Protein chains: 2
Amino acid sequence: MMRHDLLIHDEQLCKQRGVRLTCQRRRVLKIIMQSPLPVGAYDILQKMDPPAAPPTVYRALDFLLQQGLIHRLATLQAYLVCEHPDASHQSQFLICSECGQVEEMEDSNIQKSLDLAASQAGFSCSNEVVEIMGRCVQCAGEGH
Amino acid sequence: MMRHDLLIHDEQLCKQRGVRLTCQRRRVLKIIMQSPLPVGAYDILQKMDPPAAPPTVYRALDFLLQQGLIHRLATLQAYLVCEHPDASHQSQFLICSECGQVEEMEDSNIQKSLDLAASQAGFSCSNEVVEIMGRCVQCAGEGH
DNA sequence: CAATGTAATGTTATAATGTAACAATTATTG
DNA sequence: CAATAATTGTTACATTATAACATTACATTG
């Protein structure tokens with residue numbers, strides 16, 4: 001279920017940037033990659049073998065977030081891999097309340113409408129959180 | 001700083017709906033209304049006089065959220081009054097990282113772009129979280 | 001009004017998420 | 001190698017939220 005090419009890609013990306021994807025950071029990243037659903041920090045913690053303490057996990061998460069290799073879902077307080085960790089970008093997320101699956105989007109219309117509304121209010125954005133809860137195609141298809 | 005008319009409006013709204021804005025619920029609501037910034041649940045807890053326990057506050061918050069009288073900011077884990085608690089609506093929030101002020105918007109363009117993107121993905125939304133971090137007009141105006 | 005059921009609150013304990021502070025170690029650089 | 005910076009280890013704790021069960025207030029209906 002894990003995309004090994006993505007891990008290699010992330011490693012190269014860090015090399016290019018002159019930042020270190022250390023052992024602990026890679027371990028945390030791999031755990032997130034191997035999960036089909038967003039994982040909480042303490043889920044990650046439990047999967048750390050050999051075991052680690054919370055700060056180790058949170059530091060790794062901070063690094064991975066800064067590098068854009070993962071995202072954090074504010075509504076779920078959970079983490080998931082970024083599917084296109086190249087350029088800096090704003091993503092939007094479709095979160096299925098039924099199956100828990102999350103789809104990452106980079107929708108330029110949403111982006112434009114957010115930026116427009118913000119600038120009309122004289123507001124200069126640094127960061128945008130867009131998380132849409134509902135039912136995904138599969139779950140909606142399965143009736144009721 | 002508190003809009004007393006809003007409290008009255010909320011009371012009437014609850015009466016119309018046949019739900020009870022009880023003493024505890026009103027106390028929590030008033031604390032949120034009296035705060036110029038979003039407040040955390042434990043800030044509210046501290047302001048409860050006579051004192052209360054966490055479940056009391058969280059139950060009141062749940063009620064107020066369900067009735068649409070307040071909103072919860074997922075990024076801040078904090079609560080603020082809804083400025084137009086009449087019809088059910090989706091709001092977007094501009095959150096200033098400098099002064100902490102939050103502006104509630106109901107932007108139809110944002111709404112449309114979100115709904116369109118979701119429906120294109122076959123996703124049926126039940127709830128949308130849009131929180132934009134940055135600097136508000138005042139803070140941006142104050143240089144650097 | 002009394003009896004009964006439902007809704008709301010009280011109370012205690014604990015779960016889940018995240019961070020502060022400082023020590024120890026590992027990399028990097030001059 | 002020595003000095004410095006970056007990373008990790010470790011302990012303790014802060015913050016946010018909920019579970020479980022007892023009690024009280026309210027509403028309804030006979």
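Because the structure is a prediction, the values reported are computed rather than measured. We name chains A, B, ... by the order of the sequence lines, and we start the count at 1 in each one. No hydrogens, no waters, no symmetry mates; every other heavy atom, side chains included, goes into these values.
If you measure from atom CD of A:Q66 to atom P of D:dT7, you get 10 Å, rounded to the nearest angstrom. As rounded to whole Å, 15 Å separates atom C1' of C:dT9 from atom CG of B:L21. Atom CD of A:Q77 and atom P of C:dT19 are 10 Å apart (whole Å). Between the CZ atom of A:F63 and the P atom of D:dT8 there is a distance of 9 Å, given to the nearest Å. Atom pair A:R72:CZ and C:dT17:P shows a separation of 10 Å (rounding to whole Å applied). Rounded to an integer number of Å, the gap from CG of B:D62 to P of C:dT9 is 12 Å. Note: CZ (B:R25) to P (C:dA7) measures 11 Å, nearest angstrom.
Counting any heavy atom pair closer than 4.0 Å across all strands shown, B:R59 reaches a base atom.
With C:dT11, C:dA7, D:dA17 as the candidates, the nucleotide lying closest to the side chain of B:R20 is C:dA7. Checked against D:dA17, C:dT19, C:dT11, the side chain of B:P55 finds its nearest nucleotide in C:dT11.
Between the side-chain ring of A:Y42 and the base of C:dT17, a stacking contact exists by the 5.5 Å and 30° definition.
Side-chain contact between B:R27 and B:K47 is absent, with no heavy-atom pair separated by less than 4.5 Å.
Contact check, B:T22 against C:dT9: a side-chain N or O comes under 4.0 Å of OP1 or OP2.
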